[in-house]
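What follows is a short report on a single structure.
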Amino acid sequence: MPISKPRPAILITGGAQRLGLALAQCSIAEGYDVIIHYRTTNADAQKWLDKNPTLCAHVTFICGELTTHGPQIVQTAVSTHGNLVGLILNASEFTLGNLRTIEHFEAILENNTLAPLRCADAFNSIVKKGFIIGMTDAHVSHPHPKFQNYRISKLFFAHLLEQLAFTYAPNIRVNAIAPGALLAAPSEHEAEHKALVKSAPIPLQSALQSLTDAYTYLISHKWITGQTLYVDGGWHLQ
């Protein structure tokens, strides 16, 4: 009797909470297994699985530090599942900091740009046919007074993804999603977040649904690479 091939799998860095968890849930609905990477806790993802125990068979967790073990995490995902086809570079650090603090700039560049690059390189060297999607940011085109280092790291990351789309073609497609103020940051007051939402040309509604719609589009269309989909209500135009 022939052995059935396992469902295709997607590795999602930082996939145990917030936007990463929404992408994991969407991936399963689209017919994929998910390998959820996390650094410190998978409590939110585990709480979701506790409410949906039938989905446990489609989820694997990997705990690790991407800045030091990114390629090993990708290799573990391949070894664990055997049919890895997608890599979602979602994990990032969002903290205050400006260029006067060089140590902070180096650390956030390592987290938001260099670690994802190493993961992408490992994925490209192992997976024969697949896709990479990087989560960038919709509002990094202009200087920011408080988040200078974060902005530059994400700007580098966006250009890096465009270069990788060219470099990895034709076997690996590389695209990006640039979300706006879809969820309040942990350090952000609710009033601040509501003000950001209202400031967009089209105030955001059903934001996570828009995110997963964009994600589904990119994983489904096999002739699209080197693109960035903005999910921000036009925020980046301001």
Side-chain angles (χ1 to χ4, degrees), residues 8-56 58-61 86-94 112 116 131-140 147 150 154 157-158 161 175-221 224 227-238:
I10 299 174
L11 169 61
I12 304 174
T13 67
Q17 59 183 348
R18 295 172 59 80
L19 300 186
L21 181 55
L23 297 180
Q25 294 164 342
C26 177
S27 298
I28 292 177
E30 291 298 314
Y32 293 86
D33 287 351
V34 291
I35 301 162
I36 294 178
H37 156 267
Y38 66 98
R39 181 169 64 177
T40 55
T41 177
N42 66 343
D44 289 350
Q46 192 58 60
K47 188 181 299 183
W48 160 62
L49 286 178
D50 290 342
K51 295 178 181 177
N52 301 275
T54 58
L55 300 181
C56 289
H58 301 299
V59 178
T60 303
F61 290 108
L87 170 63
I88 311 305
L89 298 169
N90 169 70
S92 68
E93 179 183 340
F94 179 72
N112 293 356
F131 58 85
I132 295 172
I133 297 175
M135 301 297 289
T136 58
D137 193 297
H139 211 258
V140 295
F147 293 94
Y150 168 81
K154 282 293 189 179
F157 184 42
L161 291 169
N175 292 293
I177 297 175
L182 303 189
L183 295 176
S187 60
E188 188 177 34
H189 295 298
E190 185 177 349
E192 292 177 312
H193 177 67
K194 288 182 177 180
L196 285 177
V197 170
K198 291 180 180 179
S199 71
I202 302 176
L204 294 169
Q205 296 178 356
S206 303
L208 287 182
Q209 182 65 52
S210 296
L211 174 74
T212 54
D213 286 347
Y215 175 70
T216 300
Y217 178 79
L218 289 179
I219 65 177
S220 300
H221 290 74
I224 295 177
Q227 300 299 311
T228 297
L229 294 185
Y230 287 84
V231 183
D232 68 340
W235 191 30
H236 69 285
L237 300 173
Q238 300 184 131

Within this structure, what is the [atom1]-[atom2] distance for the pair [X] and [Y], rounded to the nearest 0.5 Å?
X: Asp33; Y: Leu55; atom1: CG; atom2: CG; answer: 10.5 Å
X: Leu11; Y: Ser27; atom1: CG; atom2: OG; answer: 10.5 Å
X: Leu229; Y: Thr136; atom1: CG; atom2: OG1; answer: 9.5 Å
X: Cys26; Y: Leu211; atom1: SG; atom2: CG; answer: 8.0 Å
X: His221; Y: Thr216; atom1: NE2; atom2: OG1; answer: 10.5 Å
X: Ile133; Y: Thr228; atom1: CD1; atom2: OG1; answer: 11.0 Å

Side-chain donor or acceptor of [X] paired with backbone N/O of [Y] under 3.5 Å:
X: Ser220; Y: Tyr217; value: no
X: His37; Y: Gly14; value: yes
X: Asn175; Y: Gln227; value: yes
X: Thr13; Y: Ala91; value: yes

Heavy-atom side-chain contact between [X] and [Y] under 4.5 Å:
X: Leu21; Y: Ile12; value: no
X: Leu19; Y: Leu208; value: yes
X: Met135; Y: Ser92; value: no
X: Ile132; Y: Leu89; value: yes
X: Leu218; Y: Phe131; value: no
X: Asp232; Y: His139; value: no
X: Leu23; Y: Val34; value: no

Shortest non-hydrogen separation from [X] to [Y] and the atoms involved:
X: Ala9; Y: Tyr32; result: N-CD2, 4.4 Å
X: Asn90; Y: Gly20; result: ND2-CA, 3.5 Å
X: Gln46; Y: Phe61; result: OE1-CE1, 3.7 Å
X: Ile10; Y: Leu87; result: CG2-N, 4.5 Å
X: Phe157; Y: Pro116; result: CE1-CB, 3.7 Å
X: Ala16; Y: Ile36; result: N-CG2, 3.5 Å

*Between Phe147 and Phe94, how do the two ring planes meet: parallel, tilted or perpendicular, split at 30° and 60°?*
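Aromatic pair Phe147/Phe94 classed parallel.
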*Using the side-chain contact (heavy atoms from CB on, under 4.5 Å) rule, take Gln25 and Asn52 through it: C-alpha gap first, then chi angles, then the decisive distance, then the call.*
CA-CA 11 Å; Gln25 294 164 342; Asn52 301 275; over 6 Å; no
